[in-house]
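What follows is a set of notes on a single structure, which appears directly below.
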Protein chains: 4
Amino acid sequence: MSPLNEEQQHQIRDERREQIMSAALKVFARRGIIGTKMSMIAAEAGISHGLLYHYFASKEELFTTLVERAMIASDEAIHSVYELPGTPIDKIRALTLDMLDEGGTDYFLLIHQARTSDGVPEKVVELMKRYSMDKYVKQLQALFREGQNVGELVDGDLDEMISSYLSVLSGLMVLNVQKIGGYQRPRVDVLLRMIAPL
Amino acid sequence: MSPLNEEQQHQIRDERREQIMSAALKVFARRGIIGTKMSMIAAEAGISHGLLYHYFASKEELFTTLVERAMIASDEAIHSVYELPGTPIDKIRALTLDMLDEGGTDYFLLIHQARTSDGVPEKVVELMKRYSMDKYVKQLQALFREGQNVGELVDGDLDEMISSYLSVLSGLMVLNVQKIGGYQRPRVDVLLRMIAPL
Amino acid sequence: MSPLNEEQQHQIRDERREQIMSAALKVFARRGIIGTKMSMIAAEAGISHGLLYHYFASKEELFTTLVERAMIASDEAIHSVYELPGTPIDKIRALTLDMLDEGGTDYFLLIHQARTSDGVPEKVVELMKRYSMDKYVKQLQALFREGQNVGELVDGDLDEMISSYLSVLSGLMVLNVQKIGGYQRPRVDVLLRMIAPL
Amino acid sequence: MSPLNEEQQHQIRDERREQIMSAALKVFARRGIIGTKMSMIAAEAGISHGLLYHYFASKEELFTTLVERAMIASDEAIHSVYELPGTPIDKIRALTLDMLDEGGTDYFLLIHQARTSDGVPEKVVELMKRYSMDKYVKQLQALFREGQNVGELVDGDLDEMISSYLSVLSGLMVLNVQKIGGYQRPRVDVLLRMIAPL
DNA sequence: TATGAATGAGTCTTCATTCAT
DNA sequence: GATGAATGAAGACTCATTCAT
């Protein structure tokens with residue numbers, strides 16, 4: 001029996017990589033880089049810990065790779081808000097829902113971990129410096145400005161409004177992950193009251 | 001040198017304990033129980049790590065003691081809102097400011113850590129189960145109800161309003177600690193818009 | 001494609017075996033059994049590491065096989081000195097050059113590794129015990145005795161002379177492999193001065 | 001009971017450090033950096049492996065520290081030959097004996113390991129580049145030149161003579177450590193024949 | 001009471017070896 | 001026969017905890 005052909009090999013490799021990254025994301029996002037043991041990731045992915053090292057040279061590399069990916073993904077997520085239908089407030093509502101939904105949360109949390117935990121690789125620290133919330137703020141300026149222009153958003157300093165709103169969302173996202181304590185996810189309309197005229 | 005009398009001994013002991021707990025709180029609140037090394041606490045307290053074990057049997061015990069204290073303290077903090085002068089919205093504003101100020105944050109953060117991190121002692125997990133946000137909500141029902149009655153707060157489900165508002169504050173507190181990324185602390189008036197009629 | 005007949009199969013198998021042993025010799029000789037990874041041998045041989053195990057059951061077996069071969073080969077090398085033309089001193093000169101030349105060094109170095117490194121299989125340790133330098137000494141007694149008889153070598157204890165000379169050569173061989181530090185390979189005439197009358 | 005005073009602490013620390021370095025030297029010299037396990041050093045020093053890390057940050061650091069020390073020591077050893085009594089050949093004889101004696105061998109072997117093994121820290125590689133045999137050769141030029149002048153050494157290229165002689169000694173030192181195989185340590189007079197006129 | 005040397009369990013990482021294809 | 005994915009034992013290193021002084 002001849003060995004698998006190159007394409008099959010490649011496919012297996014790629015699938016495994018995805019499987020590992022997906023498992024790692026889940027764990028890293030919740031427990032940070034220090035709190036995460038490679039054995040946890042291996043268990044989550046259903047493979048041996050040794051195999052992790054066929055795909056990623058180290059815990060740091062795995063973490064860094066995920067952070068890079070997360071930055072791209074969150075970038076795109078924010079960006080895609082412009083494609084949505086409706087008025088500015090509709091888009092903001094959709095964005096808000098999206099951020100608070102379980103779905104895309106992990107990437108965001110990972111970035112939070114990358115920003116706030118110890119033991120984060122130097123490279124990630126660098127990435128984070130260049131990738132602060134300002135970036136998101138800038139991406140949303142056009143949307144919020146239009147909202148002000150059409151009277152759907154309150155007047156006032158644009159950047160402050162955006163970053164305040166994002167901060168509230170960020171905080172909720174961080175709380176969101178843990179079902180434990182009885183945090184209540186506020187309804188979107190309540191949150192929008194902060195920025196919408198009454 | 002005459003030996004200290006018993007009372008003086010006691011006093012020194014108590015001061016040391018306070019010193020250690022204060023240092024430990026600062027570190028645990030920011031780094032969680034896993035991310036905190038006993039040597040960090042010792043350094044923060046300006047003593048040798050060996051000495052810690054004269055006062056606390058283990059890292060777990062120290063953490064647990066602090067959590068118990070934090071629960072009492074945050075309880076009192078919430079409770080004390082009723083002593084403040086002014087109308088309900090004034091009191092809520094003051095409470096909000098208090099929670100977002102650097103000052104009392106550590107205890108709250110410690111509870112957040114206790115609730116969300118790994119490696120938390122079983123006893124603390126038990127404490128947390130019995131001490132969810134509902135407790136705070138109950139404590140604030142009277143205040144918020146009065147606010148609704150006098151027309152300072154919007155109508156609607158009382159408990160949901162309180163826990164939503166607390167969740168937003170909680171999220172912001174968690175973000176608050178890290179100066180890093182460019183999180184913006186929203187102005188109190190903006191936050192109050194969520195619960196106050198225009 | 002008709003399957004190869006049995007003889008062809010055999011031949012391929014033997015060639016592969018040779019190819020692997022040749023690669024392994026090169027690596028083991030320089031890095032010892034511990035410092036050598038199976039993947040290095042596979043890379044040197046241009047095959048996958050998995051394939052090694054079709055030909056040799058383990059690293060130990062591969063190493064042991066090579067050592068056995070090396071012992072035979074060095075035996076023959078020493079022996080063949082008698083076939084060379086010229087007087088005893090001519091033969092010794094040729095032997096010296098041969099040992100110090102890059103060429104046949106690997107087998108000798110492998111034996112050195114087998115003798116001096118850790119992690120050497122028990123079986124090899126046994127082999128080495130029975131295969132000390134005495135063996136070489138015995139093989140060279142006739143040659144050196146003749147050298148003394150014809151006055152080309154200094155008088156004195158024969159065995160001591162041989163083993164001293166071989167020790168010097170052995171030491172130089174060990175140094176020889178590494179081009180790094182600036183070891184100087186002494187000229188043969190200088191070395192011969194140790195045993196030749198002036 | 002009060003803790004030890006500072007001086008006592010220091011003394012204990014220094015003694016332990018020496019004890020560890022001495023143990024490590026013994027093991028590294030024979031087995032190289034890869035073949036040496038920290039547990040071997042700990043065992044040799046009679047302490048736990050954990051304690052090693054109170055004194056040296058890593059295996060690499062320990063190895064590097066030893067190599068630096070060895071370079072200084074071997075430097076001094078060579079240098080001290082000039083203090084010895086007697087004619088040049090007497091001094092060379094003494095140096096030879098010294099190098100082949102068990103005593104100072106470990107440092108030399110460590111340098112040999114540093115020069116030839118894998119897994120050597122980058123810093124050591126750098127050290128070695130700047131510290132080749134040329135250095136020893138230079139230090140001995142005056143001695144050997146004088147030997148030629150007084151007719152105790154053969155004429156001919158000075159540097160080549162020195163480095164050839166040192167290479168022979170080096171090779172013997174490397175063999176010397178292992179009692180195993182039956183290597184014969186040549187008598188000094190035999191070795192001196194390489195460089196002395198009949 | 002106070003210090004820091006000492007220990008060892010637990011985690012990351014490497015690599016010989018196995019095995020499905 | 002050939003490949004490389006997969007496993008797990010073993011070694012480097014960290015850190016909570018103990019203990020002599």
Side-chain angles (χ1 to χ4, degrees), chain A residues 1-6 8-10 12-13 15-16 34 36-42 46-62 119, chain B residues 3-4 9 12-13 16 33-34 36-42 47-60 62, chain C residues 3-4 9 12-13 16 33-34 36-42 47-60 62 119, chain D residues 1-6 8-10 12-13 15-16 34-42 46-62 119:
Chain A
M1 244 162 301
S2 52
L4 298 177
N5 67 40
E6 207 166 302
Q8 286 170 311
Q9 292 280 1
H10 244 298
I12 289 180
R13 243 194 118 72
E15 278 171 19
R16 267 277 184 267
I34 295 186
T36 297
K37 297 165 201 169
M38 288 301 259
S39 57
M40 291 173 178
I41 297 174
I47 60 175
S48 74
H49 68 272
L51 189 54
L52 291 178
Y53 290 89
H54 278 250
Y55 293 90
F56 297 91
S58 66
K59 187 159 118 170
E60 291 210 344
E61 187 193 298
L62 178 50
Chain B
L4 301 176
Q9 292 272 5
I12 288 182
R13 217 184 143 74
R16 268 272 186 270
I33 189 168
I34 294 186
T36 296
K37 300 168 198 171
M38 288 301 260
S39 59
M40 290 173 178
I41 297 174
I47 61 175
S48 74
H49 63 270
L51 190 53
L52 290 178
Y53 290 87
H54 281 254
Y55 293 91
F56 297 91
S58 68
K59 187 159 117 169
E60 293 210 344
L62 178 50
Chain C
L4 301 175
Q9 293 272 5
I12 289 181
R13 217 185 144 74
R16 268 271 186 273
I33 190 169
I34 294 186
T36 297
K37 300 169 197 169
M38 288 300 260
S39 60
M40 291 173 178
I41 297 174
I47 60 174
S48 74
H49 63 271
L51 189 53
L52 291 178
Y53 290 87
H54 280 253
Y55 293 90
F56 297 91
S58 68
K59 186 159 119 170
E60 293 210 344
L62 177 49
Chain D
M1 239 162 304
S2 52
L4 299 178
N5 67 41
E6 206 167 304
Q8 286 171 310
Q9 292 279 3
H10 244 297
I12 289 180
R13 247 194 116 71
E15 279 171 16
R16 267 276 183 270
I34 295 187
T36 297
K37 298 166 201 169
M38 288 301 260
S39 58
M40 291 173 177
I41 297 175
I47 61 176
S48 73
H49 70 271
L51 189 54
L52 290 178
Y53 291 90
H54 279 250
Y55 292 91
F56 296 92
S58 66
K59 188 159 117 169
E60 292 210 344
E61 186 193 299
L62 178 49

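Sequence lines set the chain letters: A, B, ... in the order given, protein chains first and strands last, and positions in each chain run from 1.
The two residues A42(B) and S48(B) make their nearest non-hydrogen contact at CB-C, 3.8 Å. Between M38(D) and S58(D), the shortest heavy-atom distance links the atoms CE-C, 4.2 Å. Smallest separation of non-hydrogen atoms from A57(D) and E61(D): CB-OE1, 3.1 Å.
Of the possible polar contacts, one joining the K59(B) side chain to the I33(B) backbone as a donor-acceptor pair under 3.5 Å is found.
The CD1 atom of I12(D) sits 11 Å away from the C1' atom of dT3(E) (whole-angstrom rounding). Counting to the nearest Å, the C1' atom of dT3(E) and the NE2 atom of H10(D) are 14 Å from each other. Here dT11(E) presents its P atom at 14 Å from CD1 of I34(A), a figure rounded to the nearest Å. Protein atom NZ of K37(A) is 16 Å distant from nucleotide atom C1' of dC13(F), rounded to whole Å. The CZ-P distance, from F56(D) to dT14(F), rounds to 15 Å in whole Å.
Out of dG4(F), dC12(E), dA12(F), the shortest distance to the side chain of M38(D) is found at dA12(F). Among dC13(F), dC15(E), dG1(F), the nucleotide with an atom closest to any side-chain atom of R13(C) is dG1(F).
Across all strands shown, dA6(E) forms a Watson-Crick or G-U wobble pair, both distances under 3.5 Å, with dT17(F). For dT13(E), the paired base is dA10(F) (Watson-Crick or G-U wobble, both distances below 3.5 Å).
L51(D) contributes atom CG, which lies 12.5 Å from atom CD1 of I41(D) (distance to the nearest 0.5 angstrom). Rounding to the nearest 0.5 angstrom, the gap separating the CZ atom in R13(D) from the NE2 atom in H10(D) is 8.5 Å. Here Y55(B) contributes atom OH and I47(B) contributes atom CD1; the two are 7.5 Å apart, rounded to the nearest 0.5 Å.
Each of S58(D) and G46(A) lies near DNA chain F, and the nucleotide nearest G46(A) is the one positioned closer to the 5' end. Nearest-nucleotide mapping onto DNA chain F: of K59(B) and E60(D), the residue sitting toward the 5' end is E60(D).
Across residues 47-55 of chain B, H49(B), Y53(B) each have a non-hydrogen atom less than 4.0 Å from an atom of DNA chain F (numbered order).
Dashed line: the shortest gap from a side-chain N or O of Q9(A) to OP1 or OP2 of dA5(F) is under 4.0 Å.
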